[in-house]
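Both counts, for ligands and for their atoms, begin at 1 and track the order of listing.
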Amino acid sequence: MRSTFAGDMSKDILILVIGDAGSGKSYFLSRLLSAIGSTEQVHVGNGLADDTPDIHPIVVDTQLEDWIKPYLYSGTKANPSPTRFILVDTPGLNVDPYNSLSTAQRIVAWVKKTYHHPKLTSFQLLIGGVIYLHDISLDVIPDTIHVILLCLRKAFPQQIPWSAVVLVTTKWGRDFGESFGAKEEKLRKGHWAKLLPDTDDGAKVVRFAAGSEDEEKRSALEILHPIMLRHNQWWAGILTRQFRFRQRLLGTGRMKTEEFTRNYRVAVDHAIRIHSRVAAAQVQMEEEKLAEADREQLVKEWKDSLETLKGFDDQVSFWNILSFVIRAVPPLVSKLNASKLKE
Ligand SMILES: Nc1nc2c(ncn2[C@@H]2O[C@H](COP(=O)(O)OP(=O)(O)O)[C@@H](O)[C@H]2O)c(=O)[nH]1
Ligand SMILES: [Mg+2]
């Protein structure tokens, strides 16, 4: 079954997979797709030429829940407006030897054309992350990645913090005592140093393990990890903002009836409490300290609480909110007038 790229694109999150021709982008993607249980096919080249001349978006079926299980926000479907992950296979960065930015510019143009940038809302996380692949068996190290990433960051401000960048070394299976480890260290200290600030907020360097198919699949998922964590954090932020908005609204007075307002408030407070438990559980999961049964229980409570909240949200119309705001204004005005009179 081939998923189509059409459909609701407003919630899409792109994961850009970039690298020189033959660095193993398509190979990595094919392993990643089978790791998440997708039946999508990617054409892997023979390494002699650039076998992905076009930008190739692959929609990840959100029905495949298992792969996002370790990420409580994405995996619980707690996310009230479901996101779609799109893995983007791209042409080699080195296809035009005279212009190291030509592929990056093509990617930028493609994203802007496809997603009508800059109509994006500030809520939208358009680019979930960038995965850069580098063939560690090569002797010549391209020094263009820094400018390429700067070009992408400039085109999509705030969408690509360094922490959303994963620098991956590939083809470790070819290490026959040549010590690729030393090469990797040289990269960290050299060309990649600028991308790796001392803090946790820098880009991550991860090896794409070579081995059995299962090992490679596991490794592919690990490479995605920093990007998924970022997605989780982003969702946590959005939910917090949404909860606060409701709290503010309900805290200032009555919405519909007294009883409705009271119950609505209880639902919001409950969701906020569970939300903070989810955040704590995410940390525990990172440290592998959360039992499966506890996870499932929490996910259930989390889903229930959001469902309840949605029930209240659905009963509130735009006019309710508007009339609420209008009612809130006159007392404010008289308060202002009163303080003016005092002066
Ligand atoms: N040993 C090894 N070979 C790889 C790896 N990744 C890709 N290849 C091979 O390298 C060649 C080019 O890979 P491909 O994924 O088409 O590169 P792309 O141009 O970046 O998409 C293919 O023959 C792959 O089988 C890897 O991690 N290890
Ligand atoms: Mg390819």
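- For atom 23 (O) of ligand 1, the nearest non-hydrogen atom from the set Ala209, Gly22, Gly45 comes from Gly45.
- In terms of polar-atom proximity, defined here as any N/O pair under 3.5 Å, Gly24 does make such a contact with ligand 1.
- With ligand atoms numbered from 1 in the order given, ligand 1 contributes 15 (O), 21 (O) to contacts under 4.0 Å with heavy atoms of Ser26.
- Here the side chains of Phe208 and Glu222 are not in contact, with every heavy-atom distance at 4.5 Å or above.
- Residue-to-ligand polar distances keep Thr170 apart from ligand 1: every N/O pair is separated by 3.5 Å or more.
- Using a 4.0 Å cutoff on heavy atoms, Ala21 counts as a contact of ligand 1.
- Contact annotation for Asp20 and ligand 1: only backbone heavy atoms (N, CA, C, O) come within less than 4.0 Å of the ligand.
- Residue Phe28 does not touch ligand 1, judged by heavy-atom distances below 4.0 Å.
- Taking the six-membered ring wherever Trp is involved, the centroid distance between the rings of Phe243 and His275 falls below 6.0 Å.
- With 3.5 Å as the limit, one finds a donor-acceptor pair spanning the side chains of Ser137 and Asp135.
- Checking His146, His134, Lys186 one by one against Trp192, the side chain to side chain contact (heavy atoms under 4.5 Å, CB included) holds for a single residue, His134.
- Among His56, Arg31, Glu216, Lys171, the residue whose heavy atom lies closest to atom 10 (O) of ligand 1 is Lys171.
- An N or O contact shorter than 3.5 Å links Lys25 to ligand 1 by distance.
- Close contacts of ligand 1 with Phe208, meaning ligand atoms under 4.0 Å from a residue heavy atom, involve 27 (O).
- Of all the heavy atoms of Ser23, the ones lying under 4.0 Å from any atom of ligand 1 are found in both the backbone and the side chain.
- Donor-acceptor pairing under 3.5 Å is recorded for the side chains of Glu216 and Tyr27.
- Look at Asp89 and Lys25 and you find no salt bridge, because none of the NZ, NE, NH1 or NH2 atoms lies under 4.0 Å from a carboxylate O.
- Between Trp172 and Ile136, some side-chain heavy-atom pair lies under the 4.5 Å cut-off.
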Open item on the list: Does Phe180 form a side chain to side chain contact (heavy atoms under 4.5 Å, CB included) with Glu184? I'd like the steps, not just the answer.
Closed with: CA-CA 6 Å; Phe180 287 1; Glu184 191 190 38; over 6 Å; no
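- Put simply, Tyr27 stays out of reach of the Mg ion (ligand 2), with no N, O or S atom under 2.8 Å from it.
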